[in-house]
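To find a chain, count down the sequence lines: A is the first, B the second, and so on, and within it residues start at 1.
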Amino acid sequence: MSARTLLDKLWDGHEILRRDDGASLLWVDRHLVHEGSHHAFAKIGERGLPVAQPELTFAVADHYAPTRDRDHLEGDIARMIRTLEDNAARHGLRLFGLRDPRQGIVHVLGPEQGLTLPGLLVNCGDSHTSTHGALGALAFGIGATEVAHVLATQTIWQRRPKRMRLTVTGTLGEGVSAKDVALNWIAKLGADGARGHAIEYAGPVVRGLSMEGRMTLCNLSIEGGARLGLVAPDEVTFEYVKGRPFAPEGAALERAMEDWAALVSDADATFDREEVIDGDEIAPTVTWGTSPEEALPIGASVPDPANLPEGRAARAREALDYMGLTPGRTLEGTPVDQVFIGSCTNGRIEDLRLAAAVLKGRKARVPGLVSPGSALVKKQAEAEGLDRIFTEAGLDWVEAGCSMCVGMNGDLVAPGKRCASSTNRNFKGRQGRGARTHLMSPAMVAAAAVTGALSDVRPLLKGRV
Amino acid sequence: MAGWTQHEGRALALPMESIDTDQLIPARFMSVPRRDGYGPYLLHDMRFDEDGQARPDMPLNRHPEANILIARRNFGSGSSREAAVYALVDYGIRAVIAPSFGDIFAANAVNNGLLPARVPADVVEEMIEALGGETADARVDLEAGTVSVGGSAAAFELDPVWRMKLINGWDDIDMTAQHAKEITAFRDARRAAHPWAWPRG
Ligand code: SF4
């Protein structure tokens with residue numbers, strides 16, 4: 001057989017059939033649903049269809065999950081969470097509901113529970129399903145019509161994306177994380193730069209990342225327009241997976257390990273596209289505009305539309321106007337009104353540890369929210385005393401959920417307020433109508449909290465990590 | 001869903017890049033059941049100010065009759081929320097012309113009979129300029145793969161699978177049902193060869 005990339009191996013392993021027009025019918029190993037999947041349940045309900053494989057479908061309350069006072073649910077939030085519970089009960093799906101000690105954001109919970117494994121195909125009606133590719137799973141987000149299709153058939157029609165390899169060379173400096181790598185390549189290639197492609201992340205920097213870091217990297221694939229992200233599984237992956245509740249053990253694990261060992265791109269496999277970025281060149285990065293591609297190193301200045309070509313200038317003017325920034329001013333020192341640490345991008349234990357390393361023994365100058373990615377992350381953080389570091393700094397330590405990443409649960413940034421955020425989208429209105437979002441790593445958010453302004457975290461980390 | 005091959009309507013330019021899914025439909029409207037209709041929420045915060053007043057400078061407020069939209073690159077980037085497509089479709093939009101689309105958005109669009117027509121950026125710029133903020137008669141031909149706006153025609157790119165789907169109004173669930181035997185055989189073979197792929201517990 002000719003040389004194949006990791007994508008090809010995963011794809012071939014799930015292809016039930018391929019039509020003449022090139023569309024593949026793929027088998028879905030894990031289907032994750034959340035409150036937002038209500039449209040899809042309504043669709044199969046209208047047709048009187050059951051869920052084809054309830055034992056492979058898992059329901060998670062996250063998007064609307066309140067982060068405080070869960071005993072008094074009201075209005076839309078109560079209705080959305082109840083609808084999910086009802087649909088899970090009706091179709092016999094395993095539910096990670098609001099009161100479940102394992103509850104959390106679907107992309108944190110899946111890997112954490114061992115539902116996501118190398119070699120599986122994972123679908124979820126959420127674009128950041130790309131996160132799960134960090135384990136070497138073929139994982140991509142789908143819309144409601146497709147969710148209904150997966151519910152009804154446990155399969156999905158897809159055309160194979162093009163293969164792209166993104167190699168990160170060198171080493172990352174202190175205070176530089178997977179988030180900075182991602183914001184850098186997206187700034188370089190554009191928010192649609194990887195459109196139509198599956199990205200395999202490779203190179204020494206990627207190999208050196210923890211599972212958490214790899215998940216952050218794969219999570220943000222979609223913000224650069226890619227269909228999905230992949231990291232070939234290795235010892236780091238296997239160590240992460242072993243012993244998780246839904247992961248195989250004993251003979252099944254041995255069998256799995258044999259299969260997983262083959263999940264690498266063949267040495268002579270060719271990619272449709274190769275991109276290389278130099279890890280040594282990456283500085284802590286923040287976004288200044290309203291698209292993730294509008295990102296710059298913290299030491300840079302806000303772009304001046306006067307120096308940009310027409311077209312780009314109009315877009316920049318509009319973004320700066322929305323963000324309330326002055327062209328040409330340094331990003332560093334821009335005062336922020338509040339901070340947020342959490343989300344499926346940066347709400348894992350390692351993220352909280354890094355933020356806490358900056359905050360320890362310091363006070364936040366602005367208010368802020370820390371929402372762990374799952375109840376288990378929360379528990380772990382509390383066991384390590386991280387919660388006290390956050391609360392002693394003056395930040396609110398709340399329950400797990402999507403929270404201020406999307407504001408569906410009511411955790412919103414007020415109009416015109418500026419938020420340093422560890423999330424993934426700085427779109428207009430994403431964190432609330434008129435909210436001004438600056439994306440950055442959790443350590444950089446912690447630095448913004450301590451100084452009350454966009455700041456370089458590196459001096460604050462000296463001697464701490 | 002009904003298929004279609006030709007559409008004649010009025011084209012309007014929204015000359016912006018990256019009109020993302022959070023702008024197409026802000027998250028706070030997404031708990032609404034589909035039968036209630038999503039049209040009123042289309043580009044809500046772009047169309048209406050904080051007091052709910054229509055913004056007079058928003059092109060769609062000046063020309064609510066538009067049913068073909070022209071925009072700059074990266075239209076529909078972001079979330080997988082199909083509600084972004086529902087908002088467009090329920091408002092009456094049949095096609096969006098842009099140099100690039102978010103992948104998930106484009107798939108969602110096709111699943112709801114909305115054409116995401118990919119046209120080179122320079123052609124889009126010409127269209128935007130020719131329209132000059134007004135609407136013009138426009139025609140989309142799925143068979144021919146062309147759009148014409150105000151008399152000048154351009155070819156658009158579209159995955160052939162999607163083209164057939166739009167033309168035939170195919171429903172994937174029905175189509176897949178024809179393959180029930182192959183699916184079951186695949187599942188059983190997978191389970192036998194890779195038992196670990198089924199969740200423990
Ligand atoms: S944390 Fe944000 S990006 Fe992640 S699933 Fe929730 S809403 Fe989506």
Taking side chain as everything from C-beta outward and backbone as N, CA, C, O, which of these in A:L49 sits under 4.5 Å from a heavy atom of chain B? Side chain, backbone, both or neither. side chain
Go through B:N112, B:D172, B:T176 and name the one with the most non-hydrogen pairs under 4.5 angstrom from chain A. B:T176
Against chain B, work out which of A:C124, A:G36, A:G196 has the most heavy-atom pairs shorter than 4.5 Å and name it. A:G196
Going by an N to O cut-off under 4.0 Å, is there a salt bridge joining B:D171 and A:K43? no
Do A:H39 and B:M30 pass the side-chain contact (heavy atoms from CB on, under 4.5 Å) test, and can you show the C-alpha distance, the side-chain angles, and the key distance before you say yes or no? CA-CA 10 Å; A:H39 289 296; B:M30 282 170 46; 5.9 Å; no
Do the side chains of A:R315 and B:M16 get nearer than 4.5 Å, heavy atoms only? no
With no hydrogens and no angle check, is any side-chain donor or acceptor of A:R79 less than 3.5 Å from a backbone partner on B:S31? yes
Answer yes or no: is there a side-chain heavy-atom contact under 4.5 Å between B:W196 and A:L253? no
Could you grab the distance from atom OG of B:S79 to atom CD1 of A:I222, nearest 0.5 Å is fine? 9.0 Å
B:I19 vs A:F427 side-chain heavy atoms within contact, under 4.5 Å: no
Which residues in residues 142-165 of chain B have any heavy atom lying under 4.5 Å from a heavy atom of chain A? B:D159, B:P160, B:V161
Relative to chain A, which of B:V32, B:I173, B:T21, B:N111 shows the most heavy atom pairs under 4.5 Å? B:I173
With the threshold set at 4.0 Å, does a side-chain nitrogen-carboxylate oxygen contact exist between A:D29 and B:R190? yes
Quick check for you: among A:R47, A:R227, A:E35, A:Q154, which has the greatest number of heavy-atom pairs under 4.5 Å with chain B? A:R47
For B:N108 and A:G143 the tightest heavy-atom approach is OD1-CA, 3.0 Å
Nearest 0.5 Å please: distance from the OG1 atom of A:T290 over to the CG atom of B:D20. 7.5 Å
Suppose a student defines contact as a heavy atom less than 4.5 Å from any heavy atom of chain B. Which residues in residues 13-25 of chain A would they list? A:G13, A:H14, A:E15, A:I16, A:L17, A:R19, A:D21, A:A23, A:L25
Are side-chain heavy atoms of A:L56 and B:P199 found at a separation under 4.5 Å? yes
Can you say whether A:F140 sits under 4.5 Å from chain B via the side chain, the backbone, both, or neither, judging by heavy atoms? neither
Toward chain A: residues of residues 39-47 of chain B with heavy atoms under 4.5 Å: B:H44, B:D45
Under 3.5 Å: donor-acceptor pair, side chain of B:R200, backbone of A:P245: yes
Between B:D22 and A:Q431, is any pair of side-chain heavy atoms under 4.5 Å apart? no
Please classify the contact between A:A52 and chain B as side chain, backbone, both or neither, with a heavy-atom cut-off of under 4.5 Å. neither
Could you give the distance from CD (A:E46) to CZ (B:R34), rounded to the nearest 0.5 Å? 10.0 Å
Do the non-hydrogen side-chain atoms of A:P415 and B:E50 ever get within less than 4.5 Å of each other? yes
Against chain B, label A:A191 side chain, backbone, both or neither, depending on which of its atoms sit under 4.5 Å from a heavy atom there. both
Taking side chain as everything from C-beta outward and backbone as N, CA, C, O, which of these in A:E318 sits under 4.5 Å from a heavy atom of chain B? Side chain, backbone, both or neither. side chain
Just by modelled atom types, is the B:A197 backbone N or O under 3.5 Å from a matching donor or acceptor in the A:R30 side chain? yes
In this structure, are over 12 heavy atoms from other groups packed under 6.0 Å from B:Q6 atom CD? yes
Can any side-chain N or O of A:R255 pair as donor or acceptor with the backbone N or O of B:A193 at less than 3.5 Å? yes
Expected output: side-chain B:S80 to main-chain A:G125 donor-acceptor under 3.5 Å: yes
Select, from B:P33, B:A180, B:G78, the one with the greatest count of heavy-atom pairs under 4.5 Å involving chain A. B:G78
So, the part of A:Q113 with a heavy atom under 4.5 Å from chain B: the answer is neither
Straight-line distance of A:T129 OG1 to B:I104 CD1, nearest 0.5 Å: 7.0 Å
Could you please state which residues from residues 59-71 of chain B sit under 4.5 angstrom from chain A, measuring non-hydrogen atom to non-hydrogen atom, sorted by number, or 'none'? none
